[in-house]
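Here the structure comes first, spelled out in structure tokens, and everything after it is commentary.
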There are 2 protein chains.
Amino acid sequence: MSETRLKILDTAERLFSEQGYAPVSLRHITAAAGVNLAAIHYHFGSKEELLYELVMRKAAPVNEERLATLQRLREAAGANPLALEDLLEAFLLPAIHTAENSPAFAKLMGRLYGEGLMQEVARKHFGPAAERFLAEMRRTLPDLAEDELSWRLHFMLGAMAYTLAISPLGLLGRTGPESPSRVARRIVAFLSGGFRAPVAAREKVEVSE
Amino acid sequence: MSETRLKILDTAERLFSEQGYAPVSLRHITAAAGVNLAAIHYHFGSKEELLYELVMRKAAPVNEERLATLQRLREAAGANPLALEDLLEAFLLPAIHTAENSPAFAKLMGRLYGEGLMQEVARKHFGPAAERFLAEMRRTLPDLAEDELSWRLHFMLGAMAYTLAISPLGLLGRTGPESPSRVARRIVAFLSGGFRAPVAAREKVEVSE
DNA sequence: GTCTATACTGAGATAGAC
DNA sequence: GTCTATCTCAGTATAGAC
């Protein structure tokens, strides 16, 4: 790997994390990295491709950790399905730890989720882990219909991405900053309840408790 | 309100909804609206301010509907707390209906949630409704600690924003397109389970703190 | 194969005449 | 209030030096 290429990646990661994607120009990046403007085009092709490579580089270890944890859990469980909480933790904790180490980058990732940009990254990178994860989920929650499971995973991703992206000083109530492990426990508890919820057969009827 | 200003707002809303924010230039908007380029800066100051006004305009009725539904529910319930599912529906359905009528705009809104821009919009617009909503939530779930409730509302917003923003042809599994009311039932069921979940007392590996 | 200098097109923003 | 003309800066593309 060329040193120029590496300098661009590192510098861009820093600047994007600090200021977001759009406000950082290629000229800022190349000036800060001490390389020529055209080097970005040569090594990456476009600004978007640079972002893509950058995110992939950071996301890879997250996914590897997910798969490794899943592997360990599977071996420990033998022929039994995994505990729902363990499964959720296996997926959430690596991302939360990354967010802990580089909060600005996590914020960037969360923001990119909302833009079309992350769609491809997510598919390519979280895809493989997601498939393994999905398979274990089916086994842990065998009574959940396939489409319902997909939707619930979708909701899970939303809760997770939002939490990683938005500062914990949310707009509702006063949450205050908290240690990532505590937040993780909260999410896992919430999502467990969601996944275990009975499927809605709700007709609009007045019912009080 | 100037007619020029109105034409800009309408045209921008249409174009942003169709193509997203970044790809639509001010020149596209003014050309399509039949007004002068400089008119945008005269009336709004910048492209971002234009987006802000536009979102505010669209968000207002959503919030009014939320508050109206909440009001109706409160009157019908007398002195009793509201049913959790009703509460969630009161918050979610107005947004989902808006998404139904203009899906591209919903996508745009969902995207903005993750950016600093929406923070202010959310505070200013969803703020009042959120406070009322929060108060009812406390009443419906009196055993939930205040901070836990705040976090769970946070997770709820994430699931919602993500669902509105990302095309339902998600990255996990195959969800396929669905009628908004069906999606709404799925989210409400999932979130109900989440809100009712026991608070995590999970001490699997207690090390830190 | 890498990197540099430089040019091109289109973006948002602005000044000042009317 | 509105328009024309113009400014600065963005991402991108290319020609050619090492």
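So that the names make sense, note that chain A is the first sequence line, chain B the second, and so on, each numbered from 1. As the structure is a computational prediction, the values presented were derived from the model and not from experiment.
- If you take NZ of B:K47 and P of C:dT14, they are 15 Å apart, rounded to a whole angstrom.
- What separates CD1 of B:I29 from P of C:dG10 is a distance of 17 Å, to the nearest Å.
- A donor-acceptor distance shorter than 3.5 angstrom exists from the side chain of A:K47 to the backbone of A:V24, with no hydrogens or angles considered.
- B:K58 contributes atom NZ, which lies 15.0 Å from atom CG of B:N63 (distance to the nearest 0.5 angstrom).
- Nucleotides of DNA chain D lying under 4.0 Å from heavy atoms of chain A occupy a range whose first and last members, 5' to 3', are D:dA10 to D:dT14.
- Using a 4.0 Å heavy-atom cutoff across all strands shown, B:A39 reaches no nucleic acid atom at all.
- Checked by atom type and distance alone, the side chain of A:S2 pairs as donor or acceptor with a backbone atom of A:T4 at under 3.5 Å.
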Extract all donor-acceptor atom pairs below 3.5 Å that involve side chains of residues 187-198 of chain A and protein atoms in other chains or at least two apart in sequence.
from: A:S192; atom 1: OG; to: A:E85; atom 2: OE2; distance (Å): 3.4
from: A:S192; atom 1: OG; to: A:V188; atom 2: O; distance (Å): 2.6
from: A:R196; atom 1: NH1; to: A:E85; atom 2: OE2; distance (Å): 3.1
from: A:R196; atom 1: NH2; to: A:E85; atom 2: OE1; distance (Å): 3.1

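- For a distance-only test at 3.5 Å, the side chain of B:R27 fails to qualify as a donor-acceptor partner of the base of C:dG10.
- In terms of position along DNA chain D, the nucleotide closest to B:S2 lies nearer the 5' end than the nucleotide closest to the other residue of the pair A:L37 and B:S2.
- A:T11 places no side-chain N or O within 3.5 Å of a backbone atom of A:I8 that could act as its donor or acceptor partner.
- Regarding B:H43, its NE2 atom lies at a distance of 16 Å from the P atom of C:dT14, rounded to whole Å.
- Classified by interplanar angle (parallel below 30°, tilted 30° to 60°, perpendicular above 60°), the ring pair B:H154/B:W151 is perpendicular.
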